[in-house]
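The structure appears below as structure tokens.
Note that the numbering runs from 1 along the sequence shown for the chain.
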Amino acid sequence: SEADKLINESKAIKHLIQAKDFFEKKNYNLALSAASKASDAYPGHIPSELFLAKVQLKIGLAQQGLKTMESLVAKYPDDK
């Protein structure tokens, strides 16, 4: 339902804000955890998925980071 989508998007944004805060404090493991929660809370939330890829690449998870980015390009080929 529309209400569920709004709730899930709100959760994703909350986790994304936490992830960015952890990232700024160089606490990359907690940033990764929060970014994963954001991505899971609302699949397809592009800002969450982009930030997840950024954290993955930052901590050396190149395979996962590339997979996250490739998944986004496959889902949204017109959003460059």
Side-chain angles (χ1 to χ4, degrees):
S1 76
E2 197 62 33
D4 287 338
K5 282 170 70 174
L6 283 172
I7 290 168
N8 291 340
E9 185 177 16
S10 162
K11 287 179 186 173
I13 291 167
K14 184 184 88 170
H15 290 303
L16 180 58
I17 290 168
Q18 289 175 329
K20 288 181 176 184
D21 188 48
F22 286 131
F23 192 87
E24 284 175 20
K25 293 175 180 167
K26 298 185 181 348
N27 197 332
Y28 301 121
N29 287 332
L30 287 176
L32 179 64
S33 175
S36 291
K37 287 178 186 172
S39 185
D40 290 345
Y42 190 52
H45 186 245
I46 295 172
S48 295
E49 295 194 30
L50 284 173
F51 197 75
L52 175 60
K54 178 179 178 172
V55 177
Q56 289 168 327
L57 292 170
K58 178 69 176 179
I59 63 174
L61 299 175
Q63 278 312 117
Q64 290 93 324
L66 288 172
K67 197 188 292 185
T68 301
M69 296 298 279
E70 287 169 352
S71 163
L72 275 173
V73 171
K75 282 190 241 177
Y76 310 102
D78 297 331
D79 289 342
K80 301 281 187 235

Nearest-0.5 Å distance, CG of residue D4 to CD of residue E9: 13.0 Å
Within residues 52-63 or reaching into it, pairs that qualify as side-chain hydrogen bond (donor to acceptor under 3.5 Å, both in side chains) - sequence neighbours excluded: Q56-T68
Gap between atom OG of S33 and atom CG of N29 - 0.5 Å precision: 9.0 Å
From CA spacing to verdict: side chain to side chain contact (heavy atoms under 4.5 Å, CB included), L57, Q64: CA-CA 8 Å; L57 292 170; Q64 290 93 324; over 6 Å; no
Same apolar cluster (I L V M F W Y, side chains within < 4.5 Å links), M69/I46: yes
For S48 against S39, the heavy-atom pair lying closest together: CB-N, 4.0 Å
Distance-minimising heavy-atom pair for G44 and E49: N-OE2, 2.8 Å
Closest heavy-atom pair and its distance - A12, H45: CB-ND1, 4.1 Å
Check: K37 and L16 side chains under 4.5 Å, non-hydrogen atoms: no
Polar side-chain atom of S10 near backbone of L6 as donor-acceptor pair, under 3.5 Å: no
Linked, directly or transitively: L52 and Y28 (ILVMFWY side chains, under 4.5 Å): yes
E2 side, atom CD; K5 side, atom NZ - distance, nearest 0.5 Å: 5.0 Å
Separation of N8 CG from I13 CD1 (nearest 0.5 Å): 11.0 Å
Nearest heavy-atom neighbours spanning A34 and F22: CB-CD1, 4.3 Å
Heavy-atom check, side chain of F51 versus side chain of V55, under 4.5 Å: yes
